[in-house]
Amino acid sequence: MLVDSHCHLDFPGLSERLPEVLATMREAGVGAAMTIGVNLEDLPAVLAVAEQADNLYASVGVHPEYTDCQEPDAATLVTLAQHPKVLAIGETGLDYYWHKDRPEWQRRRFRSHIQAARACGKPLVVHTIESAEDTIRLLREEGAEAVGGVMHCFTENWEIASQALDIGFHLSFSGIVTFKNAAVVKEVASRCPLDRLLVETDAPYLAPAPYRGKPNQPAYVRYVAEEIARLRDLSFEDVADASTENFIRLFKPGLPERWNS
């Protein structure tokens, strides 16, 4: 069984056909998925999706690319995280690709998320693009190792991966690992300790090689696990079992036996 640790089931293209998406998940052996919050305004829709099935979960956060939205503070995030379907704080982090002037507001927002995660004892879902050094620095400064989390859709090199692993974080790999030109990602996926590895789709984005350029969905996380198994000379079952166990240990969803009901 697999878990899609990061997707956006409330986004157009997935939300309006949720029963079909869930059926395809089951057929592909994907037992659960976590749909990720990207702003507070759309959080009700995220939670409504997560409430549709026992094997769907959610996170609460404001993505670093979102500027024209309600700004979260730690107390608000902690309150929202009390919802029984919420397993994590995020998607949060830093993105210096879209914000090349590296605004301080982005770092303040990230710190608020880390503080909220520590206050409510839930792990972080971290986004980092062209900002890895600052991302690791802020995680260290705010004591994020106390709760841990995942560096989602990991695309950095092994040096950054090692620093993230050193503070207790997991690395999650998306369909990018199946791309022919993704040599750095393939290397890190080959070297990441098996007990710190997660798989994801980031659906509806980043469909794996067989569907590249088309809308992604949680069922396609199987292709990510298959490629990682190939890179590591492991069986598909080894990667599926390890990544699922890692998800359960990190996010503590509770009652995973109900996923197949």
Query - From CA spacing to verdict: ring-ring contact (aromatic ring centres under 6.0 Å, His included), Y57, F251 - result: CA-CA 10 Å; Y57 302 94; F251 293 111; 9.3 Å; no
Is there side-chain contact between [X] and [Y], with at least one heavy-atom pair below 4.5 Å?
| X | Y | result |
| --- | --- | --- |
| S112 | R109 | no |
| F173 | L198 | no |
| I176 | V224 | no |
| Q217 | L14 | yes |

What's the spacing between [X] [atom1] and [Y] [atom2] if we round to 0.5 Å?
| X | Y | atom1 | atom2 | result |
| --- | --- | --- | --- | --- |
| L77 | C120 | CG | SG | 8.5 Å |
| N55 | M1 | CG | CE | 9.5 Å |
| L165 | H170 | CG | NE2 | 9.0 Å |

If we count only N and O atoms by modelled type, under 3.5 Å, do the side chains of [X] and [Y] hold a donor and an acceptor together?
| X | Y | value |
| --- | --- | --- |
| T76 | T79 | no |
| D238 | S235 | yes |
| Y220 | D4 | no |

Which atom pairs, one a donor and one an acceptor, fall under 3.5 Å between side chains of residues 31-48 and the rest of the protein, sequence neighbours left out?
unit_1, atom_1, unit_2, atom_2, d
T35, OG1, L9, N, 2.8
N39, OD1, E41, N, 3.2
N39, OD1, D42, N, 2.7
N39, ND2, D42, OD2, 3.2
E41, OE2, Q70, N, 2.6

Query - Pairwise side-chain hydrogen bond (donor to acceptor under 3.5 Å, both in side chains) hits with a residue in residues 139-152, at least two apart - result: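 Found H6-H152, E91-H152, R111-E141, R111-E142, Q115-E142, R137-E141, H152-E200.
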**Report entry** D233 CG: over 12 foreign heavy atoms closer than 6.0 Å
**Finding:**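 Atom CG in D233 is not packed in, count stays at 12 or less.
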Query raised in the report: What orientation do F11 and Y205 show, parallel under 30°, tilted 30 to 60°, or perpendicular over 60°?
Result: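 The arrangement is perpendicular - the two ring planes meet at more than 60°.
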Query - Shortest non-hydrogen contact between L124 and L139, atoms and distance - result: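 Minimum heavy-atom separation between L124 and L139: CD1-CD2, 4.1 Å.
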Query - Counterpart residues, side chain to side chain contact (heavy atoms under 4.5 Å, CB included), relative to I129 (two or more places apart) - result: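 Checked I129 against side chain to side chain contact (heavy atoms under 4.5 Å, CB included); matches are D95, Y97, H127.
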Query raised in the report: With no hydrogens and no angle check, is any side-chain donor or acceptor of R107 less than 3.5 Å from a backbone partner on L138?
Result: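 Between the backbone of L138 and the side chain of R107 there is no qualifying donor-acceptor contact (under 3.5 Å).
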**Report entry** F179 six-ring face occupied by R212 cation (under 6.0 Å, within 45°)
**Finding:**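 Judged by the rule (NZ or CZ under 6.0 Å from the ring centre, within 45° of its axis), R212 counts as positioned above F179.
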